[in-house]
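Reminder, nothing fancy here: chain letters follow the sequence lines and each chain counts from 1. Note that the coordinates shown come from a computational prediction; the quantities given were computed from them, not determined experimentally.
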Number of protein chains: 2
Amino acid sequence: MADDTKKTDQSVDFGILNSLLGYRLRRAQMNFFSKFSEVCSDLGISPGLFAIIAIVERNPGLTQTAVAQALGNDRSAMVAAVDKLEQMDIIERRPAINDRRSYALFMTKKGEKFFLTISERVMEHEQIMAARLEDENELDWLLKTLDTLSK
Amino acid sequence: MADDTKKTDQSVDFGILNSLLGYRLRRAQMNFFSKFSEVCSDLGISPGLFAIIAIVERNPGLTQTAVAQALGNDRSAMVAAVDKLEQMDIIERRPAINDRRSYALFMTKKGEKFFLTISERVMEHEQIMAARLEDENELDWLLKTLDTLSK
DNA sequence: TCAAAATAGTTTAGCATTACACCAAATTAG
DNA sequence: CTAATTTGGTGTAATGCTAAACTATTTTGA
């Protein structure tokens, strides 16, 4: 059936989209997102939750709002996220010492171990993807360039 | 008040996140997304809708499913999107000639003009962002690299 | 001091995205 | 040709993100 009347995926003309950074970034990011889910879905962790854990692990005692600001998220999105991470016994809310409005976030003992496990998986996946690049320099260059485009 | 007891955004340690392509891609893409919205929100067009228009404009007659596959979206997401674009008189559903289940999508006359207007704005914004890169070669290299990471 | 403004966390509503089930129509197999 | 499978469009439910409003608390400034 060498019938060409119906366009296949391959023959679709992407026009302007092909040269748009925004579109290409979206496709690449979507791919990373779905791969991340494949690798980590059994642990019940999304990329967004992983980012929160990573920040709290390196910066114990930050408030919810501080974490949200660091990640560029909305404060309100933190509520459900921290609720979930607390239920999973990964992080912990403690009353802030000098501000009765806010909580300080800390890793639990289980959370510290959990972070090691999941970091290992994430790094494995990262290395598989990075292997598509030419060399270490290209990776550094890409990370730097993405940073340039993030503000 | 040179008080350092509270961490500011600058002093947050991003740890592993700094070296993760997935995270950096997300930050860059979020930035493009919000800039796009600033530039195009008065026209009522999101990045996703723009992508659909761009595909239909270059490939008139594609079915909803074909457009969804090209963009990597779910079929079901097309319904509301095409409904909206039809209400805006930008694209048009016509019964497919040889398949009573499906619609073929076409630009309206107004849609063609609309696409020119919005493309202009998008390209302006694109050039502002691309100007942060070293030169044309770096842009090409980045687009190629993003493509590599998208599959 | 003390009223006004700002801030932390929360709730809620709106919107986009994803996955799943469904129906009608088309295609394939026997 | 008919039965079984696949496919296109749709509806719905769950999730994630954004924006706005609300309460309690803290900070500001006259």
Any side-chain hydrogen bond (donor to acceptor under 3.5 Å, both in side chains) involving residues 127-141 of chain B? Give me the pairs, sequence neighbours left out, ordered by first then second residue. A/E138-B/W141, A/W141-B/E138

Within a 6.0 Å radius of atom CZ on A/F33, are there more than 12 heavy atoms belonging to other residues, nucleotides or ligands? no

Decide if atom CD1 of B/I97 counts as having more than 12 heavy atoms of other residues, nucleotides or ligands within a radius under 6.0 Å. no

Please give, in whole Å, the distance from [N] [atom2] to [X] [atom1]?
| X | N | atom1 | atom2 | result |
| --- | --- | --- | --- | --- |
| B/E38 | D/dT18 | CD | C1' | 14 Å |
| B/R94 | D/dG9 | CZ | C1' | 19 Å |
| B/N98 | C/dT27 | CG | P | 8 Å |
| B/D99 | D/dT7 | CG | C1' | 8 Å |
| B/Q29 | D/dC17 | CD | P | 12 Å |

Electrostatic pair B/R94:B/E92 at N-O distance under 4.0 angstrom: yes

C/dA8 phosphate, OP1 or OP2: any side-chain N/O from A/R100 under 4.0 angstrom? no

Using a 4.0 Å cut-off on protein heavy atoms (strictly under), produce a 5'-to-3' string for nucleotides 9-22 of chain C with B for base contact, S for backbone-only sugar-phosphate contact, and - for none. BBB------BBB--

Looking only at atom types and distance, does a side-chain atom of B/N59 sit under 3.5 Å from a main-chain N or O of B/I55, one as donor and one as acceptor? yes

Is it the case that A/R75 and A/Q69 place a side-chain donor and acceptor less than 3.5 Å from each other? no

